[in-house]
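Following: one structure in structure tokens, then a few remarks.
Numbers restart at 1 for each chain; the letters A, B, ... are given by sequence-line order, proteins then strands.
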Protein chains: 4
Amino acid sequence: MSKKQDIMAATLDLIHEEGLQSVTFSKIFKKANVGSGTIYNYFSNKEEIVNAVYKEARMHMGEHLLQGYDPFASLYERFKCLQLNRLTFGILYPKEFLFIDNFSFSPYISPELRNMDDLHNSREVILSLIVEGQKQGIIKEMDSHLCHQLIHGIISSILKGYYVEKYPLNETQIQQILEASWKSILV
Amino acid sequence: MSKKQDIMAATLDLIHEEGLQSVTFSKIFKKANVGSGTIYNYFSNKEEIVNAVYKEARMHMGEHLLQGYDPFASLYERFKCLQLNRLTFGILYPKEFLFIDNFSFSPYISPELRNMDDLHNSREVILSLIVEGQKQGIIKEMDSHLCHQLIHGIISSILKGYYVEKYPLNETQIQQILEASWKSILV
Amino acid sequence: MSKKQDIMAATLDLIHEEGLQSVTFSKIFKKANVGSGTIYNYFSNKEEIVNAVYKEARMHMGEHLLQGYDPFASLYERFKCLQLNRLTFGILYPKEFLFIDNFSFSPYISPELRNMDDLHNSREVILSLIVEGQKQGIIKEMDSHLCHQLIHGIISSILKGYYVEKYPLNETQIQQILEASWKSILV
Amino acid sequence: MSKKQDIMAATLDLIHEEGLQSVTFSKIFKKANVGSGTIYNYFSNKEEIVNAVYKEARMHMGEHLLQGYDPFASLYERFKCLQLNRLTFGILYPKEFLFIDNFSFSPYISPELRNMDDLHNSREVILSLIVEGQKQGIIKEMDSHLCHQLIHGIISSILKGYYVEKYPLNETQIQQILEASWKSILV
DNA sequence: TATGAATGAGTTTTCATTCAT
DNA sequence: GATGAATGAAAACTCATTCAT
């Protein structure tokens with residue numbers, strides 16, 4: 001792994017463990033096992049590192065969200081795939097997920113970065129699925145962004161409770177969550 | 001307003017404007033218009049201020065959540081009241097809401113504080129409403145905390161999209177959200 | 001003496017002893033006997049300190065240059081007074097003099113600062129003396145700034161040789177220098 | 001041009017543009033278009049580079065000072081030749097001239113280096129010219145080093161004013177300066 | 001020789017905290 | 001209680017130097 005990736009990984013770990021406000025360069029250096037000057041070969045300040053970590057996490061999530069997505073499957077199947085992918089991403093990569101969730105709406109991240117498209121344009125896939133469902137009379141008529149935010153929010157919120165061990169997330173719970181989010185937007 | 005409240009209000013403002021990680025004592029002093037030593041008459045360090053702000057915000061929200069709550073109204077009415085109260089709290093007090101939402105799951109806040117009960121015990125009210133609905137066969141059987149988190153998460157997520165102006169929140173949208181969250185947990 | 005003046009005095013000493021390029025903040029702190037943060041209550045960076053020191057030295061020199069200047073004395077007497085004042089300033093305050101001389105034509109100092117007028121406007125006094133002498137046919141016709149620079153430069157150069165102990169500067173030498181500079185600009 | 005010369009030229013440029021105190025190795029590397037390690041094949045540290053640049057500049061100036069010098073010409077002609085050569089050197093090579101002038105009296109340069117003789121021993125030529133003039137009763141009796149410094153200083157000072165565009169230096173001005181410096185040391 | 005990524009000692013800067021008023 | 005100048009430990013950042021290629 002390159003020094004740059006070491007630095008980014010260490011930063012993500014630290015944000016997860018202690019929160020952004022207590023991440024210092026010296027903690028990053030130690031965790032990443034690099035010299036203190038090395039970081040400046042790759043980033044010019046802390047904000048740049050955080051932004052780079054954010055971008056990478058968003059790319060990673062965007063890729064994961066469309067795993068196994070079959071555009072020819074039924075609306076419901078496609079919906080379930082997307083929601084399940086989001087949920088499993090959160091389960092597999094809690095650090096990435098929490099970081100994205102926390103900083104997407106923080107003043108620390110610029111609007112441009114918040115609204116960035118990932119390579120795979122997963123946002124567009126979801127939005128057009130919503131619009132398609134609305135045209136077919138299956139999904140309730142409402143602002144598609146609102147609808148997107150709604151089903152996205154269910155997953156996020158559930159994951160946060162899971163992370164602090166309010167409840168387990170096994171097969172039963174997962175099915176309940178997928179159904180709940182599907183029902184929430186039906187006509 | 002007392003100096004103490006000036007300091008807490010300034011802190012909340014700064015967290016909202018710049019994020020916790022860039023809140024410094026000197027910014028607080030300037031915004032609160034107090035001398036730099038004054039703060040130590042009330043708080044012994046920054047964490048104490050943030051915790052105090054958090055507690056106050058939680059109290060405020062807890063109070064607001066039960067506004068107009070009629071324990072004898074129908075299950076659906078009570079549910080809508082609670083959800084609407086959460087939503088309006090977020091609309092009226094975005095700084096408090098966002099702060100609570102962000103830091104409730106951050107390593108910065110201690111688990112005891114996260115799990116604090118507000119004066120009015122609004123959490124208990126919601127949880128017992130869920131259990132009651134499940135006993136009546138109206139609300140789907142699932143972990144009550146999971147269910148709580150689910151409906152809570154819908155409101156949070158919707159508010160965050162609203163804050164960054166993804167969509168407006170007027171009467172129509174609000175009704176849609178309340179219905180969506182209700183449907184999501186029905187059997 | 002105030003902390004600010006302590007800092008400025010220490011800076012001037014260090015520039016004289018080691019040259020600007022080897023003046024560090026920590027040397028300044030130690031020499032000025034102040035805490036490392038104190039400096040930032042008065043200056044926001046090193047360039048600001050150096051500029052402040054420069055301004056003060058210029059004011060000091062400007063004041064000294066006109067000491068005992070009698071506007072009603074003869075042209076020659078006035079000329080000698082100004083030249084002697086410059087020379088004695090250099091002898092009494094070598095640190096100030098060398099600093100001004102070195103940095104007046106260095107890229108480190110901004111043109112505005114280089115061209116600053118001191119309180120007493122000594123530059124104007126000298127320039128008008130030159131013009132007056134030219135009108136009277138005593139001083140040779142030439143660009144007044146060139147003429148100013150010429151007599152100024154004689155003193156500067158002599159002082160630099162004196163500082164490195166090429167020769168002493170006692171009464172004899174001083175009279176020779178004053179005469180030399182006077183003769184150099186006669187018709 | 002060799003790498004070594006690239007490095008020295010870049011160093012001189014940077015000193016002229018930004019002043020010695022802000023010359024860093026990385027600026028030198030970039031300007032000289034060499035790799036950062038390359039410098040250590042030629043110099044062991046920054047002071048060595050600066051000293052080498054100084055020596056070279058002094059050699060260059062020493063050579064230039066005696067251009068067209070005719071030992072059999074009249075005292076006045078020889079004096080004018082030396083002064084004019086110094087002036088034209090400053091006009092043609094402002095970077096070298098300023099660097100020599102600034103650092104000859106700076107604590108950065110060692111006394112040995114300051115007192116170095118150039119190949120052509122121009123200093124000796126000037127000093128003996130002064131002594132010769134004094135023996136002939138043309139030049140005033142005074143310390144020969146003082147006298148040297150005096151006429152040298154006129155040229156230096158005039159050039160510095162010229163560099164900051166206080167006045168032009170064309171044929172008229174140049175003649176005035178040569179005459180002024182000659183008159184300044186006559187009996 | 002030439003290179004430039006990596007380094008860490010040293011420098012600059014920030015900022016929570018103290019304390020005399 | 002209220003203040004803010006002074007502080008110094010810690011954080012951010014720079015930059016000369018090394019070394020494997």
Exercise for the section: Please check if the side chain of C:S22 supplies one atom and the backbone of C:E18 the other of a donor-acceptor pair under 3.5 Å. Expected result: yes
Practice task
Before accepting this row, confirm whether a basic side-chain N of the pair B:D13/B:K27 lies closer than 4.0 Å to the acidic partner's carboxylate O.
Solution key: no
Practice task
Using only heavy-atom distances, determine whether the side chains of C:S104 and C:Y54 contain a donor-acceptor pair under 3.5 Å.
Solution key: yes
Fill in the blank from the handout: note: A:E47, atom CD; F:dC13, atom C1'; distance rounded to Å ~ 16 Å
Practice task
Round to the nearest Å and state the distance from A:E18 atom CD to F:dA11 atom P.
Solution key: 11 Å
Exercise for the section: Please check the phosphate of E:dT3 (OP1 and OP2 only) for any side-chain N or O of D:K3 closer than 4.0 Å. Expected result: yes
Problem - Between E:dT12 (C1') and C:I49 (CD1): distance, integer Å - result: 11 Å
Handout entry: C:R58 side chain to C:M116 backbone, donor-acceptor under 3.5 Å
Key = yes
Completion exercise
Atom CG of C:D6 and atom P of F:dA5 are separated, to the nearest Å, by 16 Å
Handout entry: Pair pattern of DNA chain E in dot-bracket, where unpaired bases get dots and | marks partners in another strand, Watson-Crick or G-U under 3.5 angstrom
Key = .||||||||||||||||||||
Practice task
Can you check each nucleotide of nucleotides 14-21 of chain E against protein heavy atoms at under 4.0 Å and return B for base, S for sugar-phosphate only, - for none, in 5' to 3' order?
Solution key: BBSBB---
Handout entry: Charged N-O contact under 4.0 Å between D:K31 and D:E17
Key = yes
Practice task
Anything under 30° is parallel, anything over 60° is perpendicular, the rest tilted; go ahead and classify B:H60 against B:H64.
Solution key: perpendicular
Handout entry: Length of the CD-P vector between C:E48 and E:dT12, whole Å
Key = 15 Å
Handout entry: Interatomic distance, A:I28 CD1 vs F:dC13 P [rounded to whole Å]
Key = 11 Å
Fill in the blank from the handout: Assign each of C:Y42 and A:K27 the nucleotide of DNA chain F bearing its closest heavy atom; nearer the 5' end lies the nucleotide of C:Y42
Handout entry: Whether D:Y93 and D:F89 hold their rings parallel, tilted or perpendicular, with breakpoints at 30° and 60°
Key = tilted
Handout entry: With sequence neighbours excluded, residues passing side chain to side chain donor-acceptor pair (under 3.5 Å) with A:E48
Key = A:S44
Fill in the blank from the handout: A:N41 has its side chain closest, among F:dA2, E:dT7, F:dT3, to E:dT7
Handout entry: Check: C:L113 main-chain N/O paired with C:K55 side-chain donor or acceptor under 3.5 Å
Key = no
Practice task
Please report, rounded to the nearest Å, how far the C1' atom of E:dT12 is from the NZ atom of C:K30.
Solution key: 13 Å
Exercise for the section: Report which part of the nucleic acid C:F43 touches: base, sugar-phosphate, or nothing (heavy-atom distance under 4.0 Å, all strands). Expected result: nothing
